[in-house]
Amino acid sequence: MSGESRIRVLSLNCWGLKYIAKNLEERIEAIARELEKSDHDIIALQEIWVFAHYERVQSSVAKRLPYSKFFYSGALGAGLAIFSRYPFVSTSIHPYSLNGTPLDVAAGDWFVGKAAASVVLLHPVLGQVQVFNTHLFAKGGEDGPEYNRAHRLVNAWEFAKLAKHAAEVGRYVIALGDFNSIPPTLPMTVILDHASLTDTWVVTHPNVDPASVTTPLEAVHQLGITADSPLNTWSAGKGYTHGSWGKRLDYVLYRQPNRPGQNLPILKARDSQVILMENVPGRTFSHSDHFGLEATLEILDPETADDSPATGSPASSPSKELSNAAIATTIQALTSCYRFSRERSRRELIIFGLCLLLLFGIIIGSAWLPHSWINPIFMLFTVFIAWLATTMLYEGFIFGNWECNALMNVIEELEIHRKGQEIMSGRARE
């Protein structure tokens with residue numbers, strides 16, 4: 001066990017959008033070289049969309065991390081990959097039921113199919129460990145109308161259920177990724193509380209006062225800033241514009257398995273730090289628009305482990321649960337999005353009906369065109385109206401019902417979960 005007393009993990013969003021991300025080939029090459037020099041046992045990458053880029057990283061790390069998986073989802077891929085020193089027992093991917101709308105082409109979340117990817121690996125000391133890698137829905141923060149954050153809340157709830165189930169079937173859980181949410185926000189509350197996950201950064205950097213931070217470098221080292229940092233060339237100045245030093249969007253989370261009555265080894269966060277802050281060697285740009293986040297998890301003997309709450313060891317702390325207030329706020333946001341979706345679908349179906357009427361008029365009117373040169377214009381106009389009608393039918397009817405059904409599923413799950421908690425707490429008091 002002396003040689004397997006820790007697990008070192010790394011999470012990095014590579015910003016690997018082909019044709020859009022700048023200096024992509026150079027940056028992927030530099031990332032591959034950096035990972036080749038690293039001593040991590042598990043690496044989780046996000047936004048590595050191009051399979052050739054995955055292969056480039058794989059060839060660099062294969063000597064130390066011989067087991068790897070590139071995950072497929074949606075029309076353009078999930079952009080998720082996991083590399084491991086330990087052999088895989090199984091792999092899976094769970095596309096989130098909501099990822100924006102098909103009309104939001106610029107954001108692209110719907111087309112890539114944001115998902116939770118996972119591998120179950122066999123560790124020589126811990127046994128089965130389920131490692132998750134995810135990238136939550138990007139658009140829609142905590143500002144503005146409630147419906148803005150609904151899709152990310154759906155992602156958070158579905159991810160929390162997966163992580164919780166993994167622990168309940170007796171596996172250790174390590175979750176990495178770009179959660180697109182800062183620590184105090186509702187999506188992170190849902191994930192941390194419902195799945196009883198522990199945040200490595202909070203454990204290794206306790207009692208940090210954000211008001212004491214005076215420089216961007218301090219923000220990175222003390223607050224775990226990984227995105228929108230003024231130190232990152234791709235977001236330089238962006239943090240200052242928003243009155244902050246940047247955002248902590250990337251996390252390494254973990255928890256013990258749920259095996260009552262068994263004396264199991266204990267995972268405990270020993271260290272966590274932001275890495276890959278320097279520019280690509282010889283160039284004037286950063287490796288990615290995110291910095292990397294690494295953590296070291298110690299494997300402790302349960303007989304000698306420190307059980308004080310300060311250690312962050314889940315073995316000594318009670319299982320967390322979502323509060324009624326958090327559930328109510330989540331349901332409120334999802335209900336608001338449900339109403340918004342119904343109203344948007346109604347408008348889109350009205351446009352579909354108007355397009356049909358217009359097409360009917362064009363067909364009749366084409367018989368009385370006064371000049372032949374008008375024919376091509378009429379044809380182009382007819383094609384455009386036909387495209388608009390088809391798009392509005394798909395968006396308003398198919399996607400509209402899809403979105404409403406997904407929202408209703410989560411709303412009802414949360415309501416049943418809240419009632420279930422009340423029933424269980426009532427039994428416990430008897």
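For this chain, numbers begin at 1 and follow the sequence in order.
- Note: Trp402 CH2 to Phe399 CZ = 8.5 Å, rounded to the nearest 0.5 Å.
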Test side chain to side chain donor-acceptor pair (under 3.5 Å) on Glu294 and His40 and set out the steps. CA-CA 8 Å; Glu294 69 173 12; His40 300 101; 2.6 Å; yes
Between Asn232 and Phe291, is a side-chain contact (heavy atoms from CB on, under 4.5 Å) present by the stated rule, with each step listed? CA-CA 8 Å; Asn232 190 303; Phe291 296 141; 3.5 Å; yes
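- Ring planes of Trp234 and Phe285: tilted class, angle from 30 to 60°.
- With hydrogens and angles left out, the side-chain atoms of Ser60 and Arg56 include a donor and acceptor closer than 3.5 Å.
- Rounded to the nearest 0.5 angstrom, Asp109 CG and Phe137 CZ are separated by 5.0 Å.
- Using cut-offs of 30° and 60° for the angle between ring planes, the Tyr394 and Trp110 rings count as perpendicular.
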Test salt bridge (charged side-chain N to carboxylate O under 4.0 Å, His left out) applied to Arg346 and Glu343, step by step: CA-CA 5 Å; Arg346 187 185 67 84; Glu343 179 59 26; 2.6 Å; yes
Residues Arg33, Glu29; criterion salt bridge (charged side-chain N to carboxylate O under 4.0 Å, His left out); working and verdict: CA-CA 6 Å; Arg33 288 197 299 267; Glu29 183 66 29; 3.7 Å; yes
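- In terms of heavy atoms, Ile28 sits closest to Cys14 at CD1-CB, 4.4 Å.
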Assess the residue pair Ser196 and Asn258 against the criterion (side-chain contact (heavy atoms from CB on, under 4.5 Å)); give the C-alpha distance rounded to whole Å, side-chain angles, the decisive distance to 0.1 Å, and a yes or no. CA-CA 11 Å; Ser196 297; Asn258 185 13; over 6 Å; no
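- Each of Val112, Asn155, Asp104, Leu136 was scored for a side chain to side chain contact (heavy atoms under 4.5 Å, CB included) with Asn99, with one residue passing: Asn155.
- With rounding to the nearest 0.5 angstrom, the CG atom of Asp39 is 10.0 Å from the CG atom of Leu65.
- Taking the side chain as every heavy atom from C-beta outward, Leu407 and Asn405 never approach each other to under 4.5 Å.
- Pairing each heavy atom of Ser38 with each of Arg64, the nearest pair is O-CD, 3.8 Å.
- For Arg27 (side chain) and His287 (main-chain N/O), a donor-acceptor pair under 3.5 Å exists by modelled atom type.
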Under the salt bridge (charged side-chain N to carboxylate O under 4.0 Å, His left out) rule, what do Arg344 and Glu395 come out as? Steps first, then yes or no, please. CA-CA 9 Å; Arg344 186 195 62 225; Glu395 171 81 5; 3.8 Å; yes
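- His290 and Ser288 form no side-chain donor-acceptor contact under 3.5 Å, judged by distance and modelled atom types alone.
- Remark: Asp289 does not engage Lys22 in a salt bridge, criterion side-chain N to carboxylate O under 4.0 Å.
- Judged by distance alone, with hydrogens and angles left aside, the side-chain atoms of Thr330 form a donor-acceptor pair with the main-chain N or O of Ala326 at under 3.5 Å.
- Two residues are said to be in side-chain contact when any heavy atoms from C-beta on lie closer than 4.5 Å; Leu12 and Leu293 fail this criterion.
- With hydrogens and angles left out, the side-chain atoms of Thr214 and Glu218 include a donor and acceptor closer than 3.5 Å.
- The aromatic ring centres of Tyr72 and Phe70 sit less than 6.0 Å apart.
- By the 6.0 Å contact criterion, CZ on Arg347 is enclosed, its count of non-hydrogen atoms from other residues, nucleotides or ligands being greater than 12.
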As a quick check of understanding, evaluate ring-ring contact (aromatic ring centres under 6.0 Å, His included) for Trp157 and His194, giving each step before the final call. CA-CA 8 Å; Trp157 173 250; His194 186 64; 4.4 Å; yes
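- With values rounded to the nearest 0.5 angstrom, Cys337 atom SG is found 7.0 Å from Leu98 atom CG.
- The two residues Tyr96 and Ala116 come nearest to each other via the heavy atoms OH-CB, 3.4 Å.
- Other residues, nucleotides and ligands contribute over 12 non-hydrogen atoms within 6.0 Å of the CZ atom of Phe51.
- The side chain to side chain donor-acceptor pair (under 3.5 Å) test with Gln130 is passed by exactly one of Ser92, Ser90, Ser118: Ser118.
- No donor-acceptor pair closer than 3.5 Å links the side chain of Ser336 to the backbone N or O of Ala333.
- When side chains are defined from C-beta on, Leu276 counts as touching Glu34, because their heavy atoms get closer than 4.5 Å.
- Judged purely by distance below 3.5 Å, without hydrogens or angles, the side chains of Asp271 and Thr296 never pair a donor atom with an acceptor atom.
- A 6.0 Å sphere centred on CZ of Arg259 holds more than 12 heavy atoms belonging to other residues, nucleotides or ligands.
- The pair Glu413-Lys161 meets the salt-bridge criterion, with a side-chain N (NZ, NE, NH1 or NH2) lying under 4.0 Å from an Asp/Glu carboxylate O.
- Interatomic distance, CD of Gln46 versus CZ of Phe71, reported as 12.0 Å (0.5 Å rounding).
- Asp41 has no carboxylate O lying under 4.0 Å from a charged side-chain N of Arg8, or vice versa, which leaves the two without a salt bridge.
- By the 4.5 Å heavy-atom criterion applied to side chains, Lys114 and Pro95 are not counted as neighbours.
- Separation of atoms CD (Glu321) and CZ (Arg418) is listed at 13.0 Å; rounding is to 0.5 Å.
- Here the side chains of Val252 and Ser272 are not in contact, with every heavy-atom distance at 4.5 Å or above.
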Report the C-alpha separation of Phe159 and Phe132 in whole Å, then their side-chain angles, then the decisive distance to 0.1 Å, and conclude whether the ring-ring contact (aromatic ring centres under 6.0 Å, His included) test is met. CA-CA 9 Å; Phe159 181 84; Phe132 289 93; 5.5 Å; yes
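- Between Ser229 and Val220, the shortest heavy-atom distance links the atoms OG-CG2, 4.1 Å.
- No side-chain heavy atom of Asn13 sits less than 4.5 Å from a side-chain heavy atom of Leu45.
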Does Glu158 form a side-chain contact (heavy atoms from CB on, under 4.5 Å) with Ser97? I'd like the steps, not just the answer. CA-CA 9 Å; Glu158 292 176 350; Ser97 56; 2.5 Å; yes
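- The shortest distance between side-chain heavy atoms of Ile42 and Val129 does not fall below 4.5 Å.
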Taking it one step at a time, do Trp201 and Tyr251 satisfy ring-ring contact (aromatic ring centres under 6.0 Å, His included)? CA-CA 8 Å; Trp201 191 269; Tyr251 297 81; 9.9 Å; no
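- Looking only at atom types and distance, the side chain of His53 has no donor-acceptor partner in the side chain of Gln58 under 3.5 Å away.
- Using a 4.5 Å heavy-atom threshold, the side chains of Arg85 and Tyr67 count as separate.
- Summarising the geometry of Leu17 relative to Leu24, their closest heavy-atom pair is O-CD2, 3.8 Å, with the distance given to 0.1 Å.
- For the residue pair Gln273 / His221, no side-chain donor-acceptor distance below 3.5 Å is found, with atom types taken as modelled.
- Looking at Arg255 and Thr198, their side chains never bring a donor and an acceptor atom within 3.5 Å of each other.
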side-chain contact (heavy atoms from CB on, under 4.5 Å), that's the test. Do Thr200 and Leu253 meet it? Break it down for me. CA-CA 6 Å; Thr200 57; Leu253 314 172; over 6 Å; no
